[in-house]
Amino acid sequence: MTTDASDAVEMRNALLRLRRGTGLPIAFGGLLEAGQQMRISELSGTATHALRSLVVTSGTGLGGKTVALSRPCVVTDYSASRQISHEYDAPVAVEGLRSVLAVPVVVRHRVRGVLYGALRTALPLGGRMLDAAVEAARDVERALVVRDEVRTLVAGAGPGAGAGPGWEQVREAHAALRALAGRITDPELRAELLGACALLTAESAGSAAESGGSARVRLAPREVDVLACVAAGATNAVAADRLGVTPETVKGYLRSAMRKLRARTRGEAVVAARRAGWLP
């Protein structure tokens, strides 16, 4: 399993969300590399670099147990716990960690990484903390699913694949990416997601440029987001849920886009947006 810079950015953001949601001062984690080994690559709130680049094997230590069982695991006092093996006691002791939780990042039934939260005191980590940590892991999972789909579609179906089932998947991925980008606060990651959207619309944009279509029509980003959802078959209510706005707001953007595209119906607006190079 390969990782890239965008995966690292998502992990860093997840660690910040984990710390905010749980109140734990320390978080760290990483994604699986070859086989069942996970390398701790991201640290947040740590006092040393003892854990950086630590390779954790499935079944060993707290994180390895989480990978093997594919479920969250918690210890109240790491070094004294009888629930885990102790291959990594030395770096854990250097960082001074006592209470630690670990939650898996699971994509399509496969563990892709682990997020940890920790205290330097031996105190029970309650259910609220674990729930918040699990939610941070879910955010990573959703982002990885979308990226995996985009990588597959760009490499396989991609622009130029025609109007068959593969092309419909491209359009669904495009809509999912637009919706995800709107919720991302990290500018680097948001730009990357929008760049992936541009790859999926490259052929449409090229055709529109040749015909002058893209020069005649200018759509706002949120208008494109709404049209992408509509093109993927979403109702106004579903589009609103995906984009984090109200159904009335969706209707407003859709009406504005239809007016600019001189379309009388939703379907006509989608067709016109594709011809103008805004949608795949």
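All values below come from the heavy atoms of this structure, side chains included, with hydrogens, waters and symmetry mates left out. For this chain, numbers begin at 1 and follow the sequence in order. Quantities reported herein were computed from a predicted structural model and do not represent experimental measurements.
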Fill in: Residues V271, L261; criterion side-chain contact (heavy atoms from CB on, under 4.5 Å); working and verdict
CA-CA 9 Å; V271 171; L261 294 165; over 6 Å; no
Going by heavy atoms in the side chains, are [X] and [Y] under 4.5 Å from each other?
{"X": "L31", "Y": "M11", "value": "yes"}
{"X": "R52", "Y": "I40", "value": "no"}
{"X": "L115", "Y": "L15", "value": "yes"}
{"X": "P280", "Y": "R274", "value": "no"}
{"X": "L227", "Y": "L254", "value": "yes"}

Main chain of [Y], side chain of [X]: is a donor-acceptor contact present, judged purely on distance under 3.5 Å?
{"X": "R242", "Y": "A234", "result": "no"}
{"X": "T246", "Y": "T249", "result": "yes"}
{"X": "E95", "Y": "A47", "result": "yes"}
{"X": "S81", "Y": "Q83", "result": "yes"}
{"X": "Q37", "Y": "S58", "result": "no"}
{"X": "S99", "Y": "L123", "result": "yes"}
{"X": "T66", "Y": "L62", "result": "yes"}
{"X": "R112", "Y": "V106", "result": "no"}

Fill in: H86 and Y78 aromatic ring geometry - parallel, tilted or perpendicular at 30°/60° bounds
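Geometry flag for H86 against Y78: perpendicular rings.
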Worksheet item: Should D225 and R222 count as an ion pair when the cut-off is N to O under 4.0 Å?
Response: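 Answer for the salt bridge query: yes.
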Worksheet item: Are R138 and E135 ion-paired here, with the side-chain N under 4.0 Å from a carboxylate O?
Response: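 No, this pair does not count.
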Practice prompt. Might you work through the side-chain contact (heavy atoms from CB on, under 4.5 Å) test for L24 and L119, ending with a clear yes or no?
Written response: CA-CA 6 Å; L24 295 173; L119 288 170; 3.6 Å; yes
Discussion item. Any donor-acceptor pair under 3.5 Å linking the side-chain atoms of E87 with those of T60?
Written reply: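 Looking only at side-chain atoms, E87 and T60 do not form any donor-acceptor pair under 3.5 Å.
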Could you give the distance from [atom1] ([X]) to [atom2] ([Y]), rounded to the nearest 0.5 Å?
{"X": "L51", "Y": "Y116", "atom1": "CG", "atom2": "OH", "value": "8.5 Å"}
{"X": "W278", "Y": "H174", "atom1": "CH2", "atom2": "NE2", "value": "10.0 Å"}
{"X": "I26", "Y": "R98", "atom1": "CD1", "atom2": "CZ", "value": "12.0 Å"}

Item to complete: Could you pull out all residues at least two apart from R262 that satisfy salt bridge (charged side-chain N to carboxylate O under 4.0 Å, His left out)?
Response: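 None.
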Item to complete: Test E223 against every option in K260, R259, R255 by the side-chain hydrogen bond (donor to acceptor under 3.5 Å, both in side chains) rule and name the one that passes.
Response: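 Exactly one pass, corresponding to K260.
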